[in-house]
Amino acid sequence: MFKLFRTLSALGIAAAMVLIPTIADAAPGRAVSVANVRSGPGTGYPVVAQLSADQYVVVVKCTINWCQVKRTGKNGWVSRKLLYNPYYFSEGESGYKFAPKGVDVGR
C-alpha cells in the first residue's frame, strides 16, 4: 500500500511540474489596442482593469483564446487576439505567440 501511495505521489508531482507554468515560460506581451483585463479567461468574468494600447505585460500562459498576464496593478486575463509578442511575431498575423523553444528573441 505504501509503495502505491509513493508511486502515485511521484506521478502527481511530475504532472504538476509539467502542467504548472514557470517563470521561464513567461514572455513579454504588448497590447494591440485598449483591452480589458478580466478575473478569468472569458467574457463572463468581471473586468478588473484595462490595458492601454501598446502597454507591456508579462504573459504567463495562454489558452486557445485567452492569456494570463502579470502587470503593474491588477493581474488577470486578456483576449489573446489583443496581445502580441514584440520579440516574436509575424506581420499580418494576429494573436499572441510564444517564441519556439530554443529561439533567441534578443533579450
Side-chain angles (χ1 to χ4, degrees):
M1 184 68 172
F2 179 72
K3 212 175 203 182
L4 176 63
F5 176 76
R6 208 167 79 189
T7 302
L8 290 176
S9 295
L11 287 174
I13 291 169
M17 290 175 69
V18 169
L19 297 175
I20 296 173
T22 62
I23 195 68
D25 293 332
R30 196 165 168 187
V32 173
S33 63
V34 173
N36 289 328
V37 179
R38 296 181 177 273
S39 64
T43 56
Y45 290 91
V47 174
V48 296
Q50 200 170 56
L51 299 178
S52 57
D54 294 326
Q55 183 175 348
Y56 280 92
V57 295
V58 174
V59 177
V60 178
K61 66 180 178 180
C62 294
T63 66
I64 293 172
N65 296 313
W66 294 88
C67 291
Q68 185 179 23
V69 299
K70 290 188 179 262
R71 56 185 287 277
T72 303
K74 294 261 186 183
N75 299 327
W77 293 80
V78 177
S79 173
R80 191 172 189 154
K81 63 186 168 190
L82 297 178
L83 296 171
Y84 76 97
N85 184 332
Y87 297 105
Y88 179 77
F89 68 97
S90 298
E91 290 296 325
E93 292 185 336
S94 64
Y96 189 86
K97 294 183 185 215
F98 286 96
K101 297 287 186 199
V103 171
D104 180 11
V105 292
R107 289 185 230 172

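Quick note: residue numbers are just sequence positions, from 1.
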Which heavy-atom pair separates [X] from [Y] by the least distance, and what is that distance?
X     : Y     : value
Gly29 : Val59 : CA-CG2, 3.9 Å
Ala31 : Ser52 : CB-O, 3.4 Å
Val34 : Leu82 : O-CD1, 4.4 Å

State whether the side chain of [X] and the backbone N or O of [Y] hold a donor-acceptor pair below 3.5 Å, judged by distance alone.
X     : Y     : result
Arg71 : Val58 : no
Arg80 : Thr63 : yes
Arg38 : Pro46 : no

Q | Test item: Leu51 and Leu83 side chains (from C-beta on) under 4.5 Å apart, heavy atoms | A | yes
Same hydrophobic cluster for [X] and [Y], using side-chain heavy-atom links shorter than 4.5 Å among ILVMFWY?
X     : Y     : result
Trp77 : Val60 : no
Val69 : Val48 : yes
Val37 : Trp66 : no

Q: Output the distance between atom OG (Ser33) and atom CD (Gln55), rounded to the nearest 0.5 Å.
A: 12.0 Å
